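Written out below as structure tokens is the structure these notes cover.
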Amino acid sequence: MTKSELIERMSDSQDHLSPRDVELAVRMILERMTTTLANNRRIEIRGFGSFSLHYRAPRLGRNPKTGTAVELSGKHVPYFKPGKELRDRVNTS
Amino acid sequence: MGALTKADIAEMLFDELGLNKREAKEIVEKFYGEIGAALEKNDNVKLSGFGNFELRDKSSRPGRNPKTGEEIPIAARRVVTFKPGQKLKSRVENYAGTE
């Protein structure tokens with residue numbers, strides 16, 4: 001399912017909002033989730049799961065083309081932990 | 001500040017998009033509900049700019065009760081993983097604050 005299919009399905013199952021409003025809402029939700037994580041604030045969606053940042057320590061990497069070592073600085077990466085309800089839902093099919 | 005919740009997101013849609021409170025709450029429920037429904041049907045979800053929710057089938061493996069040391073097999077299962085998109089990764093990567 002792509003973002004546009006998600007917007008379609010959300011619009012189909014309710015009739016008081018236009019697909020355009022739904023599209024705008026989806027865009028705002030994703031933007032809000034992104035800025036939340038960019039500020040290292042957690043997201044907790046009951047029944048779905050939680051998002052947080054995990055820290056990756058600095059390490060010595062390699063340029064795959066030349067093989068020379070490059071220092072990679074530490075960084076944060078987004079992490080998603082599915083909630084119990086979602087875990088159970090996908091695991092029964 | 002505490003974690004961002006469905007209530008916070010609904011409030012944003014109420015404040016910034018002019019939806020009424022009931023509509024705002026419904027849209028938030030549908031957003032996560034439809035993603036969950038697709039995953040339940042073994043359909044990966046691709047949200048460009050944000051990331052992909054992917055399903056992975058794990059085969060069974062031997063496990064152990066960490067308290068008692070007793071061996072218990074872990075059954076085969078399907079799990080959800082999240083692969084952040086390039087845009088999300090680059091926006092969080094440079095977070096410079098402390099843990």
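Below, read A as the first sequence line, B as the second, and so on, with proteins coming before strands; counting in each chain starts at 1. Just so it is clear, the structure is predicted and the values come from calculations on it, not from any experiment. FYI, side chains are in, hydrogens and waters are out, and symmetry mates aren't considered; it's all heavy atoms of this structure.
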Under 4.5 Å to a heavy atom of chain B? For A:Thr35 that would be both
Rounded to the nearest 0.5 angstrom, the CE-CG distance for A:Met1 and B:Leu47 is 6.5 Å
Pair count under 4.5 Å, heavy atoms only, with chain B: among A:Gly47, A:Pro82, A:Ser4, A:Ser13, highest is A:Ser13
Is the shortest side-chain N to carboxylate O distance from B:Glu40 to A:Arg89 below 4.0 Å?
yes
Salt bridge present between A:Arg41 and B:Asp8 (N-O < 4.0 angstrom) | yes
With chain B, the option among A:Ile43, A:Asp21, A:Leu37 that has the most non-hydrogen atom pairs under 4.5 Å is A:Ile43
Under 4.5 Å to a heavy atom of chain A? For B:Glu26 that would be side chain
Minimal heavy-atom distance between B:Arg91 and A:Ala38, with the atoms involved, is O-CB, 3.6 Å
The interface call for B:Ala24 against chain A, heavy-atom contacts under 4.5 Å, is neither
Residues 51-66 of chain B vs chain A, non-hydrogen distance cutoff under 4.5 Å, contacting residues -> B:Phe53, B:Leu55
With chain A, the option among B:Ala76, B:Gly49, B:Ala37, B:Gly33 that has the most non-hydrogen atom pairs under 4.5 Å is B:Ala37
Of the listed A:Gln14, A:Lys75, A:Glu44, the one with the largest count of heavy-atom pairs under 4.5 Å with chain B is A:Glu44
Applying a strict 4.5 Å limit to non-hydrogen atoms, the region of B:Ile35 in contact with chain A is both
Rounded to the nearest 0.5 Å, the CD atom of A:Glu5 sits from the NZ atom of B:Lys46 at a distance of 10.5 Å
Measuring only between side-chain heavy atoms, which start at C-beta, is B:Arg22 closer than 4.5 Å to A:His16?
yes
Worked check of side chain to side chain contact (heavy atoms under 4.5 Å, CB included) between B:Val80 and A:Phe80: CA-CA 9 Å; B:Val80 179; A:Phe80 172 65; 4.1 Å; yes
Output for pair (A:Ile45 CD1, B:Thr5 OG1), nearest 0.5 Å, gives 7.0 Å
Smallest heavy-atom separation, A:Pro78 atom then B:Phe82 atom, equals CB-CE2, 4.5 Å
To the nearest 0.5 Å, atom OG1 of A:Thr92 lies from atom CZ of B:Arg77 at 13.0 Å
Bottom line for A:Thr34: the part with an atom under 4.5 Å from chain B's heavy atoms is both
CE (A:Met28) and CG (B:Leu17) are apart, to the nearest 0.5 Å, by 5.0 Å
The interface call for B:Phe50 against chain A, heavy-atom contacts under 4.5 Å, is side chain
Subject >> Worked check of side chain to side chain contact (heavy atoms under 4.5 Å, CB included) between B:Leu39 and A:Leu86 >> reply: CA-CA 9 Å; B:Leu39 294 171; A:Leu86 182 61; 4.2 Å; yes
When rounded to the nearest 0.5 Å, the distance separating CZ of B:Arg78 from CG of A:Asn91 is 8.0 Å
A:Arg46 backbone acceptor or donor facing B:Lys6 side chain under 3.5 Å | yes
| Between B:Glu93 and A:Arg56, is the closest basic N to carboxylate O distance under 4.0 Å? | no
Ranked by heavy-atom pairs below 4.5 Å to chain A, first place among B:Ala38, B:Gly36, B:Ala7 goes to B:Gly36
Practice problem: Please examine the side chains of B:Ile27 and A:Leu17, heavy atoms only from C-beta on, and report whether any two atoms are closer than 4.5 Å. | Solution: yes
For the residue pair B:Phe31 and A:Leu30, establish whether any side-chain heavy-atom pair is separated by less than 4.5 Å. yes
* How far apart are the C-alpha atoms of A:Ile29 and B:Tyr32, what are their side-chain angles, what is the distance that settles it, and do they pass the side chain to side chain contact (heavy atoms under 4.5 Å, CB included) test? -> CA-CA 10 Å; A:Ile29 294 171; B:Tyr32 295 105; 4.0 Å; yes
Could you walk me through whether A:Arg87 and B:Val79 satisfy the side chain to side chain contact (heavy atoms under 4.5 Å, CB included) test, starting with their C-alpha distance in whole Å, then the side-chain angles of each, then the deciding distance to 0.1 Å, before giving a yes or no? CA-CA 7 Å; A:Arg87 283 205 306 270; B:Val79 297; over 6 Å; no
Heavy atoms of B:Lys30 and A:Met10 approach each other most closely as CD-O, 3.8 Å
